[in-house]
Amino acid sequence: MAKKAAPKPEKDAIAPVGFLQKSAIQRTNSEMHFEDTALLVPLFGQFDANLVQVENRLSVTIHARGDKVMIEGPSDSVERTREVLQTMYDRLAKGQELGSGAIESIIAMSNEPTLEGIVSGDKAKGGDGAPVMIRTRRKTIVPRSPGQIPYMQQLARDDLIFALGPAGTGKTYLAVAQAVSQLITGSVQRLILSRPAVEAGERLGFLPGDMKEKVDPYLRPIYDALYDCMPPEQVERRIASGEIEIAPIAFMRGRTLADAFVILDEAQNTTREQMKMFLTRFGQNSRMVVCGDPRQVDIPGGDRMSGLADAVDRLEGLEGIATSRFTAADIVRHPIVGRIVEAYEGKDS
């Protein structure tokens, strides 16, 4: 009996080989060298924690040997990792801090063509060609997300800015930093920081103490931003002299706020009447920034129409008035905050 011919291999049988070859081509490795060895410890982090953070986020493997770093992984991820590590190194070389939050922001921005400018301020330019940055007594602040670039330009240019978006996008912090910068340079004489005294879904009841002690818990985020931009003793001295005023929005009625940088935080919790009253306090040589998240309204009672949403609807597009809208992609806190915001927004929509 004649032997049967061996079956011909099917074409699909060689597909895995081609796939492996393609995968091998896509993977690469790259070596980096850092000259200043004194910066390697803060660059790598305790027990290489910073390198591990970059590895986990960009799906690469990083081997550190002396002043050299070897990066292995998909070619596009390796290139992003090189850019991220170089930016981290440059940040340390300029004397800037490099915490996990800063690293996360650098990684998040590594998809953007302006990463170097966003982190260093060298390439993110304003309308006059100057770098986009805010200088205060304690630090120089540069954009940390794509949405912060136009916002910081508006803060330096426009008379009234509405900053809308979720928590953690830097709306209030950047506004306070710009206000502190202008107070230091003398372009404004006063800093007025306000917000409605509305609890986030709670009823705290009677609070002991004088008026300042009663409203301070509501204004704590503003204090934190101030202390981050100015030495604490200067903050206290300027508050005592009246150069810096922190008060609930109810204290604004009947006033004209001239030569002042005025910030209203948590503006989504104002009523339409409160917002109109606040905006009409605008005086000569003043600037106003109104910050809030239209999706987190805590106005008590049946009136759920936010004064912030109403004001933006009426005023957006008028000369001298600018609007910045932030998304979860602009959150510069822990990355899990962005994922939480996205999950809630997706559920509500």
Side-chain angles (χ1 to χ4, degrees), residues 127 147-167 169-176 178-179 182 188 190-201 218-219 221-222 245-328 330 341 344-345 348-349:
Q148 288 187 357
I149 297 175
Y151 179 50
M152 291 174 68
Q153 293 170 343
Q154 292 168 355
L155 288 172
R157 180 189 67 221
D158 296 300
D159 295 325
L160 172 60
I161 302 107
F162 291 102
L164 315 176
T169 51
K171 304 184 300 297
T172 304
Y173 184 88
L174 292 176
V176 171
Q178 180 67 28
Q182 293 195 210
V188 296
R190 291 183 297 164
L191 199 58
I192 299 176
L193 310 168
S194 183
R195 61 168 287 177
V198 176
E199 301 98 339
Y218 299 102
L219 303 170
I222 295 178
E245 180 181 347
I246 305 176
I249 191 173
F251 283 33
M252 299 297 107
R253 187 173 296 278
R255 304 177 60 184
T256 299
L257 307 176
D259 294 309
F261 198 113
V262 189
I263 300 172
L264 176 60
D265 194 24
E266 299 292 339
Q268 75 276 4
N269 289 330
T270 60
T271 64
R272 286 173 289 188
E273 293 75 17
Q274 285 177 320
M275 180 61 73
K276 178 182 177 182
M277 178 273 293
F278 178 81
L279 295 177
T280 53
R281 303 306 95 198
F282 206 100
Q284 293 293 328
N285 190 37
S286 288
R287 183 163 294 169
M288 280 188 175
V289 183
V290 180
C291 307
D293 182 357
R295 301 180 68 107
Q296 291 190 341
V297 178
D298 301 307
I299 300 175
D303 183 8
R304 300 293 293 177
M305 180 60 183
S306 168
L308 175 61
D310 180 66
V312 171
D313 184 58
R314 294 173 184 269
L315 304 177
E316 188 172 14
L318 296 182
E319 184 179 355
I321 299 177
T323 303
S324 274
R325 287 182 169 84
F326 295 91
T327 67
D330 295 303
V341 170
Y344 271 91
E345 289 182 350
D348 294 338
S349 58

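Only this structure's heavy atoms are used, side chains among them; waters, hydrogens and symmetry mates stay out. If you're wondering where the values come from, they're calculated on a predicted model, not measured in any experiment.
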For this session: Over all heavy atoms of both residues, which pair between Val290 and Ala267 is shortest? Give the atoms and the distance, please.
Result: CG1-CB, 3.3 Å

Problem set entry | Interatomic spacing from CZ in Arg195 to CD in Glu266 - rounded to 0.5 Å | 4.5 Å

For this session: Report the distance from atom CG of Leu191 to atom CD1 of Ile246, rounding to the nearest 0.5 Å.
Result: 8.0 Å

For this session: Rounded to the nearest 0.5 Å, what's the gap from CG on Leu193 to CD1 on Ile222? Could you check?
Result: 5.0 Å

For this session: Starting at NZ of Lys171, measure out to CD1 of Ile161 and round the result to the nearest 0.5 Å.
Result: 14.5 Å

Problem set entry | Heavy-atom side-chain contact between Ile321 and Asp158 under 4.5 Å | no

Exercise. For Ser286, which residues count as a side-chain contact (heavy atoms from CB on, under 4.5 Å) partner, sequence neighbours excluded?
Worked result: Ala260, Phe282

Exercise. Quick one: are Met288 and Phe278 in side-chain contact, heavy atoms under 4.5 Å?
Worked result: yes

Problem set entry | Residues which pass side-chain hydrogen bond (donor to acceptor under 3.5 Å, both in side chains) with Gln148, listed by chain and number, not counting sequence neighbours | none

For this session: Kindly state each residue pair satisfying side chain to side chain donor-acceptor pair (under 3.5 Å) with at least one member in residues 247-265, sequence neighbours excluded.
Result: Thr172-Asp265, Glu245-Arg255, Asp259-Asn285

Exercise. Do Gln178 and Phe261 touch side chain to side chain, with heavy atoms closer than 4.5 Å?
Worked result: yes

Problem set entry | Partner residues of Phe162 under the ring pair (Phe, Tyr, Trp, His ring centres under 6.0 Å) criterion, sequence neighbours left out | none

Exercise. Looking at side-chain heavy atoms only, is the closest gap between Asn269 and Val297 below 4.5 Å?
Worked result: yes

Problem set entry | Test: Arg325 and Glu316 ion pair at under 4.0 Å | yes

Problem set entry | For Pro150, side-chain contact (heavy atoms from CB on, under 4.5 Å) partners two or more places apart | Gln153

Seminar exercise, completed: Those residues at least two apart in sequence (or on a different chain) that pass side-chain contact (heavy atoms from CB on, under 4.5 Å) with Thr270 are Pro196, Ile249, Leu264, Gln274, Met275

Problem set entry | Sidechain-backbone polar pair: Lys276 side chain, Ala311 backbone, donor-acceptor under 3.5 Å | no

Problem set entry | For Ser194, side-chain hydrogen bond (donor to acceptor under 3.5 Å, both in side chains) partners two or more places apart | none

Problem set entry | Pairwise distance CG(Asp159) to CD(Glu319) - rounded to 0.5 angstrom | 9.0 Å

Exercise. Got a sec, which residues hit ring pair (Phe, Tyr, Trp, His ring centres under 6.0 Å) with Phe326, two or more places apart in sequence or on another chain?
Worked result: Tyr151

Problem set entry | Distance-only side-chain donor-acceptor flag, Arg287 / Gln182, under 3.5 Å | yes

For this session: Kindly indicate whether the side chain of Asp293, heavy atoms from C-beta on, has any atom under 4.5 Å from the side chain of Leu164.
Result: no

Problem set entry | Any Leu174 side-chain heavy atom under 4.5 Å of Leu155 side chain | yes

Seminar exercise, completed: So CG of Asp330 and OG of Ser324: to nearest 0.5 Å the spacing works out to 9.5 Å

Problem set entry | side-chain contact (heavy atoms from CB on, under 4.5 Å) partners of Asp310, counting only residues at least two apart | Arg272, Met305, Arg314

Exercise. Taking all non-hydrogen atoms of both residues, which atom of Leu308 and which atom of Pro294 are closest, and how far apart?
Worked result: CD2-CG, 4.3 Å

